[in-house]
Asks: 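Sharing a structure here in structure tokens format.
All values below were derived from every heavy atom in this structure, side-chain atoms included, with hydrogens, water molecules and symmetry-related copies excluded.
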Amino acid sequence: MQASDRFNINSQLEHLQAKYVGTGHADLSRFEWAVNIQRDSYASYIGHYPMLAYFAIAENESIGRERYNFMQKMLLPCGLPPERDED
């Protein structure tokens with residue numbers, strides 16, 4: 001692999017990270033990463049009707065109620081963010 005290939009791969013990765021929030025970046029904290037994963041999961045559950053119906057049956061709730069619950073969980077999927085240490 002040549003140096004130009006590595007530069008091209010790195011520039012493509014930076015472009016991807018700038019375009020899509022969920023791909024992360026070097027300064028992404030563990031909490032932010034977990035929030036992205038949880039929100040992506042909830043969005044997928046809401047967007048795929050059979051999965052939403054499965055959760056509704058498993059929890060003995062209506063599909064609309066499950067959709068509402070997942071949307072509420074998307075607000076703070078991992079709780080409040082941890083306090084940051086100021087250096």
Side-chain angles (χ1 to χ4, degrees):
M1 185 183 296
Q2 296 178 352
S4 63
D5 292 338
R6 279 190 228 132
F7 176 74
N8 190 17
I9 291 170
N10 285 337
S11 81
Q12 288 177 359
L13 183 61
E14 288 173 6
H15 175 71
L16 195 74
Q17 290 170 342
K19 188 174 180 182
Y20 300 106
V21 176
T23 56
H25 51 80
D27 297 329
L28 193 70
S29 71
R30 181 182 178 123
F31 176 78
E32 291 170 334
W33 178 81
V35 166
N36 284 339
I37 296 298
Q38 288 291 332
R39 285 188 177 149
D40 286 349
S41 296
Y42 290 137
S44 178
Y45 301 156
I46 291 170
H48 293 92
Y49 187 81
M51 186 65 101
L52 188 62
Y54 173 79
F55 282 115
I57 291 170
E59 295 184 11
N60 197 22
E61 293 281 352
S62 68
I63 293 173
R65 173 58 63 183
E66 276 303 303
R67 181 178 286 121
Y68 175 79
N69 289 340
F70 285 144
M71 289 171 62
Q72 289 298 314
K73 289 179 183 179
M74 285 177 74
L75 295 175
L76 289 173
C78 298
L80 294 173
E83 295 181 13
R84 293 187 177 194
D85 295 335
E86 294 185 24
D87 293 314

Asks: Closest approach of Glu66 and Ala56, non-hydrogen atoms and distance?
Replies: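 Shortest heavy-atom contact: CG-CA, 3.5 Å.
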Asks: Passes side chain to side chain contact (heavy atoms under 4.5 Å, CB included), Ser41 versus Tyr45? Steps please.
Replies: CA-CA 6 Å; Ser41 296; Tyr45 301 156; 4.0 Å; yes
Asks: Looking at Tyr49, I want to see if its OH is surrounded by more than 12 non-hydrogen atoms of other residues, nucleotides or ligands under 6.0 Å.
Replies: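 Not more than 12 within 6.0 Å, no.
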Asks: Run the side chain to side chain contact (heavy atoms under 4.5 Å, CB included) check on Met74 and Ile46 step by step: do they pass?
Replies: CA-CA 11 Å; Met74 285 177 74; Ile46 291 170; 4.1 Å; yes
Asks: Spell out, yes or no, whether Tyr42 and Met71 are grouped together once hydrophobic residues are joined by side-chain heavy atoms under 4.5 Å, including indirect joins.
Replies: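 Yes: a chain of side-chain contacts under 4.5 Å links Tyr42 to Met71.
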Asks: Taking all non-hydrogen atoms of both residues into account, name the closest pair between Phe31 and Pro82 and its distance.
Replies: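 Minimum heavy-atom separation between Phe31 and Pro82: CG-CD, 3.6 Å.
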Asks: Using 30° and 60° as the class boundaries, would you call the ring planes of Phe70 and Phe55 parallel, tilted or perpendicular?
Replies: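 Aromatic pair Phe70/Phe55 classed perpendicular.
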Asks: Do His48 side-chain atoms and Ser44 backbone N/O form a donor-acceptor pair below 3.5 Å?
Replies: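 Present.
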Asks: Is a side-chain donor or acceptor of Arg39 paired with a backbone partner of Leu75 at a separation under 3.5 angstrom?
Replies: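 A pair under 3.5 Å: yes.
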Asks: Would you give the length of the straight line joining atom NZ of Lys73 to atom SG of Cys78, rounded to the nearest 0.5 angstrom?
Replies: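 Those atoms lie 12.0 Å apart.
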